[in-house]
Undergrad: 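Pasting in a structure now, in structure tokens, and then I'll have a few things to ask.
Excluded from the calculations below are hydrogen atoms, water molecules and symmetry mates; all remaining heavy atoms, backbone and side chain alike, are included.
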Amino acid sequence: SEPTTFVGVRFGVPVTEQFVDCSNPKIGDPDYKRKLGIQWDLARQRITCFSRLGEFAELNIWPDIGLRVLGVTLTLAEADSVEGVTVTMYRFDWMRMLDLLTAKFGEPQTHEIVAHSNLAGGQRDGGVYTWAWPGITLSLSEYGSKADESLVRVATARLVRWLKRESLQ
């Protein structure tokens with residue numbers, strides 16, 4: 001069935017209703033030391049919080065999914081609703097992730113080989129597996145933005161519609 005969450009993140013729910021905001025305090029902010037202390041306490045207690053990056057948010061502590069996760073980035077839409085999740089992981093775990101996703105969601109609907117380019121102009125072919133439901137698309141890419149990284153991207157249909165509306169403005 002169509003996922004409503006991924007790695008513990010709920011789709012369609014504002015990020016502030018799911019996690020504490022621990023965005024980096026700005027130097028000169030009158031509450032700088034207090035905010036820094038809160039950040040430190042959250043990290044020490046292993047409480048997941050997020051740092052805002054415009055229309056994105058990064059989680060400070062990643063869920064334990066049995067793989068070496070390098071980062072979790074949330075894509076925010078209207079009213080800070082979480083409409084996308086990107087999990088960056090080490091590339092050598094990508095086949096294990098494929099096994100986990102296949103066990104949970106069944107065989108992917110599509111598998112294609114895609115050319116990935118790096119900043120130095122190098123190119124390599126890598127697999128991209130996709131699962132799709134009416135309201136969610138999930139893809140696993142063998143290569144991320146670096147040759148030693150892989151990505152899982154999950155996007156809601158609401159995110160796709162929102163991005164289209166934003167691009168028209």
Side-chain angles (χ1 to χ4, degrees), residues 2-26 35-36 38-40 42-101 104-105 108 114 116-119 124 126-133 135-167:
E2 183 172 287
T4 57
T5 67
F6 192 72
V7 297
V9 178
R10 296 176 310 202
F11 299 114
V13 178
V15 67
T16 53
E17 291 180 21
Q18 300 185 60
F19 306 104
V20 176
D21 186 345
C22 61
S23 299
N24 288 327
K26 301 202 181 340
K35 289 178 181 176
L36 207 54
I38 290 170
Q39 239 183 1
W40 172 252
L42 291 169
R44 189 169 38 82
Q45 296 173 45
R46 305 267 319 143
I47 295 173
T48 302
C49 63
F50 72 93
S51 294
R52 185 177 299 278
L53 302 163
E55 294 172 345
F56 301 95
E58 286 188 351
L59 297 184
N60 70 323
I61 296 175
W62 311 305
D64 181 3
I65 58 173
L67 304 171
R68 290 158 285 238
V69 173
L70 296 169
V72 176
T73 304
L74 312 178
T75 305
L76 309 177
E78 299 168 298
D80 288 338
S81 173
V82 177
E83 300 297 341
V85 175
T86 300
V87 176
T88 304
M89 63 193 171
Y90 286 109
R91 183 178 166 272
F92 55 80
D93 279 338
W94 91 276
M95 286 300 293
R96 174 87 176 106
M97 178 58 93
L98 178 59
D99 291 342
L100 291 171
L101 293 172
K104 183 159 180 84
F105 302 117
V114 176
H116 297 270
S117 301
N118 63 22
L119 295 175
R124 62 185 55 174
V128 176
Y129 295 81
T130 304
W131 293 258
W133 299 267
I136 297 279
T137 301
L138 184 153
S139 66
L140 168 63
S141 297
E142 181 177 358
Y143 292 103
S145 58
K146 298 178 184 172
D148 62 345
E149 294 177 356
S150 293
L151 296 175
V152 177
R153 288 191 176 106
V154 186
T156 66
R158 286 183 299 270
L159 176 62
V160 173
R161 286 191 303 270
W162 184 77
L163 289 171
K164 284 180 182 174
R165 263 195 326 269
E166 290 294 307
S167 70

Undergrad: Looking at CD1 of Ile136 and OG1 of Thr4, how far apart are the two atoms once the value is rounded to the nearest 0.5 Å?
TA: 8.0 Å

Undergrad: How far apart are the closest heavy atoms of Pro3 and Phe11, and which atoms are they?
TA: O-CD1, 4.2 Å

Undergrad: First locate atom CH2 of Trp62, then atom CG of Leu70, and finally report the distance between them rounded to the nearest 0.5 Å.
TA: 6.5 Å

Undergrad: The test is side chain to side chain contact (heavy atoms under 4.5 Å, CB included); show your working for Thr75 and Val85 and say whether it passes.
TA: CA-CA 6 Å; Thr75 305; Val85 175; over 6 Å; no

Undergrad: To the nearest 0.5 Å, how far apart are CG in Leu76 and CG in Leu74?
TA: 6.0 Å

Undergrad: For a quick test of reading the model, state the closest non-hydrogen atom pair linking Cys49 to Val20 and the distance between them.
TA: CB-O, 2.9 Å

Undergrad: So with a 6.0 Å cut-off around OH of Tyr90, is the heavy-atom count from everything else above 12?
TA: no

Undergrad: On a heavy-atom basis, which atom in Tyr129 and which in Pro108 lie closest, and how many Å separate them?
TA: CD2-CG, 3.6 Å

Undergrad: Run Leu100 and Leu67 through side chain to side chain contact (heavy atoms under 4.5 Å, CB included) and show every step you take.
TA: CA-CA 10 Å; Leu100 291 171; Leu67 304 171; 4.0 Å; yes

Undergrad: Nearest heavy-atom pair of Arg10 and Gln18: which atoms, and what distance?
TA: N-OE1, 2.7 Å

Undergrad: Hey, does the side chain of Asn60 reach the backbone of Phe50 with a donor-acceptor pair shorter than 3.5 angstrom?
TA: no

Undergrad: What's the spacing between Arg153 CZ and Leu159 CG if we round to 0.5 Å?
TA: 11.5 Å

Undergrad: Given side chain to side chain contact (heavy atoms under 4.5 Å, CB included), test Val128 with Leu140 step by step and report yes or no.
TA: CA-CA 6 Å; Val128 176; Leu140 168 63; over 6 Å; no

Undergrad: Inspect the contact between Asp93 and Arg68 and indicate whether a charged nitrogen and a carboxylate oxygen are less than 4.0 angstrom apart.
TA: yes

Undergrad: Taking Glu2 for the side chain and Gly135 for the main chain, is one N or O donor matched with an acceptor at less than 3.5 Å?
TA: yes

Undergrad: Would Thr88 and Val69 count as a side chain to side chain contact (heavy atoms under 4.5 Å, CB included) here? Give the steps.
TA: CA-CA 6 Å; Thr88 304; Val69 173; over 6 Å; no

Undergrad: With a 6.0 Å cut-off (strictly less than), is the heavy-atom count around CG of Asp64, excluding the residue itself, greater than 12?
TA: no

Undergrad: Under a 4.5 Å cut-off applied to non-hydrogen side-chain atoms, are Leu59 and Ile61 in contact?
TA: no

Undergrad: If you take all heavy atoms of Phe19 and Val9, which pair is closest and at what distance?
TA: CZ-CG2, 4.0 Å

Undergrad: Using a distance-only test with no angle check, is there a side-chain donor-acceptor pair under 3.5 angstrom linking Thr156 and Glu83?
TA: yes

Undergrad: Considering residues at least two apart in sequence or located in another chain, which fulfil the side chain to side chain donor-acceptor pair (under 3.5 Å) criterion with Glu78?
TA: Arg165

Undergrad: Nearest 0.5 Å please: distance from the CG atom of Asp99 over to the CG atom of Leu101.
TA: 9.0 Å

Undergrad: Between Ser150 (side chain) and Glu142 (backbone), is there a donor-acceptor pair under 3.5 Å?
TA: yes

Undergrad: How long is the gap from CG on Leu151 to OG on Ser145, to the nearest 0.5 Å?
TA: 6.5 Å

Undergrad: Give me the atom names and distance for the closest heavy-atom approach of Thr130 to Ser139.
TA: OG1-CB, 3.9 Å

Undergrad: For residues Tyr143 and Trp94, establish whether the separation of their ring centroids is below 6.0 Å.
TA: no

